[in-house]
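Both backbone and side-chain heavy atoms feed into the values below; hydrogens, waters and symmetry mates do not.
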Amino acid sequence: MHDTTLLLIEVGALLLVMSLAGRLALRIGMSPIPFYLLIGLAFGEGGIVPLDASSEFLEAGSEIGIILLLALLGLEYTASELFDSLKSARAAGIVDGVLNAVPGALMALMLGWGPLAAVALAGVTWVSSSGVVATMLRDLGRLSNRETPAILGVLVIEDLAMAFYLPILSALAVGASILQGAIGVAIAVGVVTVILFVALRHGHLISRLFPADQYEPLLLGVLGLTMLVAGLAAQVSVSSAVGAFLVGIALSGRVAANASRVLTPLRDLFAATFFVFFGITSDSSALWTMLLPATLLAVVTIATKVLTGAYAARRAGVGTLGQWRAGFTLAPRGEFSIVIAGIAVASGAAPELAPLATAYVLITIIAGTFLARVPDAQWFRAIVRRRAERAATAAG
């Protein structure tokens with residue numbers, strides 16, 4: 001059978017299965033993310049029916065999915081709002097790094113994997129998944145919630161921190177000199193600074209490049225600019241998600257509103273592809289060997305993420321329920337964690353790190369998807385209300 005024909009068959013069958021899974025998830029009041037992950041595992045290495053012809057297509061689609069998720073998140077905010085949230089989230093970013101990186105480093109050292117694996121696993125447990133968090137905020141209708149800017153502030157600080165972390169880890173992995181690592185960091189930080197400056201000072205000029213009321217040129221132009229900036233950012237070891245987010249921040253007015261409208265269907269398609277491809281690239285047969293340490297690590301670092309989110313939201317003046325929502329929403333890890341583990345394993349450091357990271361990410365995504373809904377449950381609201389009443393009585 002011709003490769004193109006086989007690709008069409010595989011992708012078509014996969015989309016149909018995803019549609020049925022998404023419909024089932026909506027009917028029972030769940031996010032479809034866990035279903036997409038399980039579908040990916042079923043069709044991936046070690047699964048029931050491995051997909052071969054469509055793997056490269058799905059990989060490209062998953063990358064576009066992350067880019068579109070973050071670009072549309074950026075369209076919800078202005079550059080000034082971003083800087084305000086970053087200023088308020090600086091302390092939360094430090095707390096986030098300490099609370100969530102340390103458990104990963106300690107786990108690697110306890111397993112006897114050495115210092116390089118400790119640095120890598122610290123990154124795996126540190127960074128939340130921008131793609132998963134963005135999807136949950138959208139699915140749960142929380143884009144306009146008071147805690148959302150605090151969540152985004154933490155995410156952006158994490159992604160910007162990756163501009164420092166990834167070049168350093170890559171230099172350590174290949175045994176590069178301190179000078180080479182410093183050059184990589186300097187280039188990455190310079191690119192982020194330029195993008196931030198353009199977004200803040202000249203965003204209105206960028207918006208004028210696109211016709212707000214002509215949907216086809218608007219779609220092509222905004223999508224093209226987003227992918228171009230994301231690709232250039234990735235080329236200098238900056239997260240492509242950061243580049244896409246900052247493009248969204250730079251656009252404003254009717255251009256931003258209409259761009260969000262025309263890009264939404266593409267985002268929904270490719271974001272679903274991202275989660276399926278993540279499952280496909282995970283070897284389900286290798287996950288079992290690292291299930292216990294991954295579960296222990298997930299329990300600890302979900303708790304530390306809850307503390308991080310609650311701290312960030314509380315500093316932003318958000319109430320108790322919003323603090324819980326922020327903490328649970330930040331729990332999932334994802335794309336960065338897998339990239340970090342891949343860099344470490346490619347260097348020859350602890351091959352067991354790959355299945356551990358994969359199992360860990362899957363556990364945090366599935367658990368986080370469920371936990372994010374807990375603060376909206378009546379029983380949880382009742383508990384919070386009773387605790388507040390007891391605290392008020394004790395204070396009085």
Side-chain angles (χ1 to χ4, degrees), residues 57 59-83 85-86 129-131 133-135 137-138 143 152-153 155-160 162-163 166 187-274 277 335-336 339:
F57 174 85
E59 181 178 6
S62 69
E63 183 66 25
I64 294 172
I66 299 172
I67 290 169
L68 288 176
L69 277 168
L70 272 295
L72 267 76
L73 260 185
L75 289 171
E76 300 287 334
Y77 299 90
T78 65
S80 59
E81 289 171 340
L82 170 67
F83 274 85
S85 66
L86 286 176
S129 170
S130 300
V133 172
T135 301
L137 290 173
R138 180 202 68 193
L143 291 176
L152 293 179
L155 289 176
V156 172
I157 286 175
E158 286 180 349
D159 283 354
L160 291 176
M162 289 297 101
L166 286 177
I187 293 173
V189 172
V191 169
V192 171
T193 302
V194 169
I195 296 175
L196 281 171
F197 176 79
V198 171
L200 181 62
R201 298 296 183 187
H202 305 292
H204 62 287
L205 297 177
I206 297 174
S207 296
R208 292 179 187 175
L209 295 173
F210 308 108
D213 297 317
Q214 297 175 8
Y215 284 178
E216 185 174 337
L218 177 65
L219 168 65
L220 296 174
V222 173
L223 180 61
L225 178 64
T226 302
M227 294 179 65
L228 175 63
V229 173
L232 291 174
Q235 185 65 29
V236 293
S237 300
V238 178
S239 165
S240 60
V242 168
F245 182 76
L246 295 177
V247 169
I249 290 290
L251 300 177
S252 59
R254 289 174 56 242
V255 168
N258 290 342
S260 179
R261 185 175 299 114
V262 297
L263 287 171
T264 294
L266 282 178
R267 176 201 62 188
D268 294 343
L269 169 63
F270 288 112
T273 303
F274 161 69
F277 181 74
E335 56 277 8
F336 267 131
V339 170

key: Result of checking Leu220, Leu219, Thr226 against Val222 for side chain to side chain contact (heavy atoms under 4.5 Å, CB included)   = Thr226

Shortest non-hydrogen separation from [X] to [Y] and the atoms involved:
X	Y	value
Ala244	Ile67	CB-O, 3.3 Å
Arg138	Asp268	NH1-OD1, 2.8 Å
Pro211	Pro217	CG-CB, 3.8 Å
Val255	Ser207	CG2-O, 3.5 Å

Atom [atom1] of [X] and atom [atom2] of [Y]: how far apart are they, to the nearest 0.5 Å?
X	Y	atom1	atom2	value
Leu223	Leu218	CG	CG	10.5 Å
Phe270	Leu68	CZ	CG	7.5 Å
Leu251	Phe210	CG	CZ	6.0 Å

Distance-only donor-acceptor pairs under 3.5 Å for side chains of residues 258-267, two or more places apart:
| residue | atom | partner | partner atom | Å |
| --- | --- | --- | --- | --- |
| Asn258 | OD1 | Arg261 | NH1 | 2.5 |
| Asn258 | ND2 | Ala212 | O | 2.7 |
| Arg261 | NH1 | Tyr215 | OH | 3.3 |
| Thr264 | OG1 | Ser260 | O | 2.5 |

